[in-house]
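To start, the structure itself, in structure tokens.
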Amino acid sequence: VQLQASGGGLVQAGDSLRLTCVASGRSFSAYPLAWFRQGPGKGREFVAASRRSGGTTHYADSVKGRFTISRDNTKGTLYLQMDSLKPEDTAIYYCAAAPRSTILSSIYTARAYDIWGQGTLVTVSS
């Protein structure tokens, strides 16, 4: 079971990027999936989550209205559309999957997730 993240890069403030996370080994349609990020000198922080296919989505306040999480179960892929990027969005972005039984209050915490992708670097210049 693996997650493979890609799509990072160097952009200017105000630009957009779309991150992609491809899941292999099993279907994740019924599992919570999320994006976390870790900026320079910071801990890993929650960005966005999708509880299950067709379920609710949740965002950190810092990205609400600018980022959109979505999934395509036919392709086993999770996306993060990032618009109006800011220098403070600079970080390594990780996709992650949590067990099916994960409760709502836990999806915001990294320790709830047991499968992680390798990370993709997003750098936003001012």
Side-chain angles (χ1 to χ4, degrees):
V1 177
Q2 285 188 322
L3 298 176
Q4 182 81 22
S6 63
L10 172 62
V11 297
Q12 293 187 329
D15 285 350
S16 297
L17 270 179
R18 188 175 78 160
L19 304 184
T20 298
C21 177
V22 178
S24 60
R26 72 173 186 211
S27 170
F28 283 95
S29 62
Y31 292 77
L33 300 175
W35 290 96
F36 285 77
R37 67 187 182 187
Q38 187 163 7
K42 299 181 181 179
R44 194 165 296 191
E45 66 171 346
F46 172 79
V47 175
S50 167
R51 288 197 70 196
R52 62 183 64 84
S53 179
T56 55
T57 55
H58 306 268
Y59 297 92
D61 288 342
S62 59
V63 307
K64 204 170 290 184
R66 299 188 298 121
F67 290 11
T68 304
I69 189 171
S70 62
R71 60 167 91 191
D72 183 341
N73 290 320
T74 63
K75 298 180 180 179
T77 304
L78 178 73
Y79 301 101
L80 184 69
Q81 177 66 41
M82 306 187 295
D83 298 320
S84 302
L85 282 161
K86 303 176 180 180
E88 52 262 44
D89 295 319
T90 294
I92 300 173
Y93 284 72
Y94 299 89
C95 55
R100 252 172 119 167
S101 58
T102 302
I103 60 175
L104 176 59
S105 60
S106 295
I107 66 168
Y108 302 94
T109 59
R111 64 176 177 269
Y113 294 80
D114 57 354
I115 300 172
W116 290 83
Q118 85 289 2
T120 184
L121 177 63
V122 173
T123 304
V124 185
S125 63
S126 57

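None of the values given here were measured: they were computed from a predicted structure.
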Worksheet item: From S125 OG over to L10 CG, what is the distance, rounded to the nearest 0.5 angstrom?
Response: 5.5 Å
Discussion item. As an exercise, state the distance from OG1 of T68 to OH of Y59, rounded to the nearest 0.5 Å.
Written reply: 4.5 Å
Discussion item. Check whether T90 reaches the backbone of V124 with its side chain - one donor and one acceptor, N or O, closer than 3.5 Å.
Written reply: yes
Worksheet item: Donor-acceptor pair, R71 side chain versus S50 backbone, under 3.5 Å?
Response: yes
Worksheet, complete the sentence: On a heavy-atom basis, the closest approach of C95 and A5 is SG-CB, 3.9 Å
Practice prompt. Group every Ile, Leu, Val, Met, Phe, Trp and Tyr by side-chain heavy-atom contacts under 4.5 Å, then state whether Y79 and I69 land in the same group.
Written response: no
Discussion item. On a heavy-atom basis, which atom in S126 and which in P87 lie closest, and how many Å separate them?
Written reply: CB-CG, 3.8 Å
Practice prompt. Report the hydrophobic cluster partners of F46, with the cluster defined as I, L, V, M, F, W, Y residues connected by side-chain heavy atoms closer than 4.5 angstrom, directly or transitively.
Written response: F36, I92, Y94, L104, I107, Y108, Y113, W116, L121
Discussion item. Quick one, T77 and F28 - any side-chain contact, counting heavy atoms below 4.5 Å?
Written reply: no
Fill in: Donor-acceptor pair, side chain of Q118 and main chain of Q4, under 3.5 angstrom
no
Worksheet entry | V22 with L78, same ILVMFWY side-chain cluster at under 4.5 Å | no
Worksheet item: Is a salt bridge present between K86 and D89, judged by a nitrogen-to-oxygen distance below 4.0 Å?
Response: no
Worksheet item: For the atom pair CZ (R37) and CD (E45), what is the distance rounded to the nearest 0.5 Å?
Response: 4.5 Å
Discussion item. Between H58 and R51, is there a side-chain heavy-atom distance shorter than 4.5 Å?
Written reply: yes
Practice prompt. Provide the closest heavy-atom pair for P32 versus T102 in the form atom of the first, atom of the second, distance.
Written response: CG-CB, 4.1 Å
Discussion item. Could you walk me through whether R26 and I115 satisfy the side chain to side chain contact (heavy atoms under 4.5 Å, CB included) test, starting with their C-alpha distance in whole Å, then the side-chain angles of each, then the deciding distance to 0.1 Å, before giving a yes or no?
Written reply: CA-CA 12 Å; R26 72 173 186 211; I115 300 172; 3.5 Å; yes
Worksheet entry | Main-chain N/O of L3 paired to S24 side chain as donor or acceptor, under 3.5 Å | no
For residues 13-20, please give each side-chain donor-acceptor pair under 3.5 Å, one per line with the distance, not counting sequence neighbours.
residue : atom : partner : partner atom : Å
D15     : OD2  : Q12     : N            : 3.1
S16     : OG   : D83     : OD1          : 2.8

